[in-house]
Each structure stands twice: as C-alpha cells, then as structure tokens.
There are 2 protein chains.
Amino acid sequence: MTHDTVEEYLIENGIRPLQKRTLIYKYLMTKKNHPTVETIYKELLPKSPSLSKTTVYNVLNLFLEKNLVQTINIEGNELRYDANTKSHGHFKCETCGKVFDFEVQEENYPQLTLEGFMPRKTHYYVVGQCATCAVPSLN
Amino acid sequence: MTHDTVEEYLIENGIRPLQKRTLIYKYLMTKKNHPTVETIYKELLPKSPSLSKTTVYNVLNLFLEKNLVQTINIEGNELRYDANTKSHGHFKCETCGKVFDFEVQEENYPQLTLEGFMPRKTHYYVVGQCATCAVPSLN
DNA sequence: GTATCTGCAAAACATTTGCAATTCT
DNA sequence: AGAATTGCAAATGTTTTGCAGATAC
C-alpha cells in the first residue's frame, strides 16, 4: 500500500475514516480471509461491542461503491468480500471451506470470444480440495 | 445429446423421468437462458398449473446432485442454472442482465498456481456490456 | 399397495429499508 | 448545530424443511 495509514487511504478514496469503517477495512486488509458478513460481524463484535450487522452491510456496500473491495460469489449463496481488487483467482476447498487466492497474470486469462462485448471485470473461480485436505493422512 | 429422448437421458442418470422433472429439464436444455428458480417457475406455470416453487427447488437440487446441471453464481445473490455442465465461460451484461455462454478450451484456462491443490470444477465469469448494449445508438 | 414425490405453510437465512437516536466535526 | 452515520425493527427475498395428501408403478 502506498499510504501511511488506513485512515489516509480511506480519505483518498472519498470515505470518512470513521471508527467502524476503519476497523472493518483493517480486518479485511490484514486477515485476507474472504469473510462473509456474518464472519466479519462475529469477529469484530468483541472489539466493538456496539457494532451491528446493518453497519457491516452499510460499510461494505460503501467500500464496494468506491471500489475498495470486491465481492466473491464462489459457491452457494454466500457472498464474500475481498480487499484485494486486482484480478486474481480464487480457490474454494469443498472440504475445509477456506478460500485461497492465487495469481493469474492478466494476459493469461482466456480470450473472450464474444465479438463486440465490453468486459469490465473478470472472475476466475476454482472449486476442489486444498493441499491439506487432499492428503488423507493429514485428516 | 447421445440419447433419443430426455426421458431416457434422465433414467440413465438415475432419475425417474416424472412429468415435472422432464418439463424442467427440457426447459433448461432448449432455452439455454441460465434461468433463476423464479424464471423457471413463472415460465412453466402456464404449462403445468399445479407446479410449485418447492418442486422447482427439489428438482434442481436433484439435478445438481446427479450432475445434470451446474449453478452459476455470477452476480448478486441470484443463483442461475445451466444444463451445460461442460467447462465454459459466462458473460453477464450489466445493462440488460442477460447471461451469455462463450467457449473456452479446457487447456486455455489459466494455470492453478497452488501446489498440491486438487481442482474439481472451474468457473470463469466476465461481467461487462454485451455487444448490443455497448452500442449507444441501439439503445 | 407401497415407495416416492409434490405442494403448502412455516422456518431459516441473507439483505435492505425506514426511521429515530447518536456521533462526528 | 447540522449533516452524516448508526442500530433497531420490520420488510423483502431466497432457499429449506416438515408433513399430509397425491401420484407413480
């Protein structure tokens, strides 16, 4: 990040760095765990006992609008959030449920074979078993 | 399809070809419109007035289990269904809302750079504007 | 005739909205 | 003080579940 503090970064993106906003952004940025709203709420409640789920929704929708986060729609009906907005792949392990990032160079994405279509955002999702869960002896 | 009838195809996949199941499968197969549950229900109700949404859910979940359909989770919280279970790309137009298929050769998918991970299914989604909506004069 | 399937109603979730109270500067 | 933000409760939307009645073979 090219910014000294999260607060400055939020300001530069037109977001007033209120306590709960800063808390949620720091959580996303440091945990990189692609959490659901439920997870964010549960994990931050001890640190911010007056936090409400409505605020988590409000703040995430604001971040989305300002392009500070992207949503991940990898499986079922669970929306997850990612503070990394660059194009990259996501892998969901069907055994342990974790979501992993992986690098994909922009130029390695497959060609869009639809004439005249204007792509804006690309998502590449892989579902399977992670290295740990794929080794039976470790279970 | 390598089968004379949808009914035979369902039987071969361990599914009793009941009226509503056959109706729903034929709809998915011929329309190729990546419908939501709501769409399927609304479109088939005239043809099958006793159809219920519960049955649409039941049947789709059965098809999913037997790998006759795949789900598409391209945007928002709307689950869509696709009777084409081969790997292919999906493009969602943010203007008109339609979902388009496009071909991607299996070998053109980007490399999964996670050591020891076992991929099972790959989704490649592109969001943007379709050819029609991208041309202002046609709007 | 018996298993299975269907449809209703209710339950379980996820997300949004309206509004009054609170907080920020 | 004044504008923006928050939190509650209710509304909305989607999917699942329990169960009684209907259907398939």
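Throughout, protein chains are lettered first and strands after them, A, B, ... in sequence-line order, and every chain is numbered starting at 1. Since the structure is predicted, the reported quantities are computational estimates derived from the model, not experimental observations. When reading the values below, keep in mind they use all heavy atoms of this one structure, side chains included, and skip hydrogens, waters and symmetry mates.
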Could you check which nucleotide pairs with C/dT17 in any of the strands shown, counting Watson-Crick or G-U wobble with both distances under 3.5 Å?
-> D/dA9

Partner of C/dA12 under the Watson-Crick or G-U wobble criteria, both distances under 3.5 Å, comes out as D/dT14

Might you work through the side-chain contact (heavy atoms from CB on, under 4.5 Å) test for A/Tyr41 and A/Thr36, ending with a clear yes or no?
-> CA-CA 9 Å; A/Tyr41 174 69; A/Thr36 59; over 6 Å; no

Among B/His34, B/Glu78, B/Gln129, side chain to side chain donor-acceptor pair (under 3.5 Å) partner for B/Lys92 = B/Glu78

Option among B/Tyr109, B/Tyr124, B/Tyr125 that satisfies the ring pair (Phe, Tyr, Trp, His ring centres under 6.0 Å) test with A/Tyr125 = B/Tyr125

Could you tell me from which nucleotide to which nucleotide of DNA chain D, 5' to 3', there is an atom under 4.0 Å from chain A heavy atoms?
-> D/dA4 to D/dT15

Between protein and nucleic acid, restricted to nucleotides 20-25 of chain C and to nitrogen or oxygen atoms under 3.5 Å apart, what atom pairs and distances do you find?
none

Distance, nearest 0.5 Å, that separates SG of A/Cys130 from CZ of A/Phe91 | 7.0 Å

Evaluate whether atom CD of A/Glu107 has more than 12 neighbouring non-hydrogen atoms of other residues, nucleotides or ligands under 6.0 angstrom away.
-> yes

Do the side-chain N or O atoms of B/Thr55 get closer than 4.0 angstrom to the phosphate oxygens (OP1, OP2) of C/dG7?
-> yes

Could you grab the distance from atom CZ of B/Phe117 to atom SG of A/Cys133, nearest 0.5 Å is fine?
-> 9.0 Å

Rounded to the nearest 0.5 angstrom, the NZ-CG distance for A/Lys121 and A/Asn67 is 8.5 Å

How should the glycosidic conformation of C/dA3 be described, syn or anti, under the criterion that syn lies within 90° of 0?
-> syn

Does atom CD of A/Gln19 have more than 12 heavy-atom neighbours from other groups under 6.0 Å away?
-> no

Does atom CD of B/Gln111 have more than 12 heavy-atom neighbours, drawn from other residues, nucleotides or ligands, at distances under 6.0 Å?
-> no

Which parts of nucleotides 12-18 of chain C does protein reach within less than 4.0 Å, heavy atoms only, written one letter per nucleotide 5' to 3' as B for base, S for sugar-phosphate only and - for none?
-> --SBBB-

Hey, what do you get for CG (B/Leu18) to NZ (B/Lys20), rounding to the nearest 0.5 Å?
-> 10.0 Å

